[in-house]
Structures are given as structure tokens and as C-alpha cells.
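First the structure, in the form of C-alpha cells, and then the observations on it.
All heavy atoms count here, side chains included; hydrogens, waters and symmetry mates do not.
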Amino acid sequence: MGILNNMTPQREPEPCRAITLALQLETADSQILLDAYNDPRWTAHALSKALKSRGLTLAADTIRAHRRKECKCLNN
């Protein structure tokens, strides 16, 4: 038996705030937001501002972290 047998992650990955927000929306809106995260035409600041104008709060820093794969949903 190898020394790495039965090695498992210490915890289950949790979605970051960016993904949590997308999952709370209706399916069509969720897909629009997920696409916007990957659309280079949206700056993080502009996307945050557009969401805020629609009553949704998501900081530009949170969007940037998700895009850079520095968020908790991608680092667990």
C-alpha cells in the first residue's frame, strides 16, 4: 500500500460569493451572470456597478478574485 492511499481533501469546496450569487438567480439570469464573469468586455468594476443597479451586491474585488481563480471555490 502506497503512502498516499486514502488521501482525501480536508474539506469540501465551497462556492465563493460570485458563484453563490449566480446560483441564487433564476436559470437564465444565472447563465447571463456566469457568462459575464468570463467576458473580458466587462471590467470587474463595471459588472459590480451593473449588478448594483439591479439590486444585487457583489464587490469588484470579489469578481476579480473569482476571475483570477483566487477565490475560495477554486482554492479548496
Side-chain angles (χ1 to χ4, degrees):
M1 178 158 98
I3 62 170
L4 299 181
N5 285 356
N6 300 322
M7 187 170 75
T8 59
Q10 293 181 1
R11 60 183 175 172
E12 291 294 317
E14 297 176 31
C16 70
R17 175 74 179 117
I19 295 301
T20 299
L21 176 62
L23 294 175
Q24 292 172 347
L25 301 173
E26 293 180 15
T27 304
D29 287 337
S30 177
Q31 190 58 55
I32 290 168
L33 183 54
L34 292 171
D35 290 343
Y37 291 151
N38 297 313
D39 188 337
R41 296 175 297 175
W42 278 107
T43 65
H45 179 74
L47 183 53
S48 175
K49 194 172 178 179
L51 291 169
K52 186 174 183 177
S53 74
R54 288 160 175 82
L56 302 170
T57 303
L58 188 62
D61 287 342
T62 302
I63 296 168
R64 279 188 209 96
H66 183 74
R67 286 178 166 175
R68 292 177 183 155
K69 300 181 181 351
E70 297 170 348
C71 61
K72 71 178 186 177
C73 71
L74 300 169
N75 280 322
N76 287 324

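A donor-acceptor contact shorter than 3.5 Å is absent between the side chain of S30 and the backbone of E26.
Of all the heavy atoms in P15 and C73, the pair that sits closest is CA-CB, 3.4 Å. The shortest non-hydrogen separation linking R17 to T57 is NH2-O, 3.0 Å. Nearest heavy atom pair, residue L34 against residue A22, reads CD2-CB, 3.8 Å.
In this structure, CD1 on I63 lies 6.0 Å from CG on L51, to the nearest 0.5 angstrom. Atom SG of C16 is separated from atom CD of E70 by 11.5 Å, given to the nearest 0.5 angstrom. To the nearest 0.5 Å, atom OG1 of residue T43 and atom NZ of residue K49 are 9.5 Å apart.
A ring-ring contact (aromatic ring centres under 6.0 Å, His included) check over residues 2-43, counting only residues at least two apart or in different chains, returns the pairs Y37-H66. Evaluation of the salt bridge (Lys or Arg N to Asp or Glu O under 4.0 Å) test over residues 38-47, restricted to residues two or more places apart or in two chains, returns D39-R41.
The side-chain hydrogen bond (donor to acceptor under 3.5 Å, both in side chains) check on N38 picks up nothing, with sequence neighbours excluded. For Q24, the side-chain hydrogen bond (donor to acceptor under 3.5 Å, both in side chains) criterion is met by no residue, not counting sequence neighbours. For R64, the salt bridge (charged side-chain N to carboxylate O under 4.0 Å, His left out) partners are D61, not counting sequence neighbours. Residues that satisfy the side-chain hydrogen bond (donor to acceptor under 3.5 Å, both in side chains) test with R54, not counting sequence neighbours, are absent from this structure.
Linking ILVMFWY residues whenever their side-chain heavy atoms come closer than 4.5 Å, directly or via other members, places L47 and L56 in the same cluster. Placement of L21 and L23 within a single hydrophobic cluster is found when ILVMFWY residues are connected by side-chain heavy-atom separations under 4.5 Å, directly or transitively.
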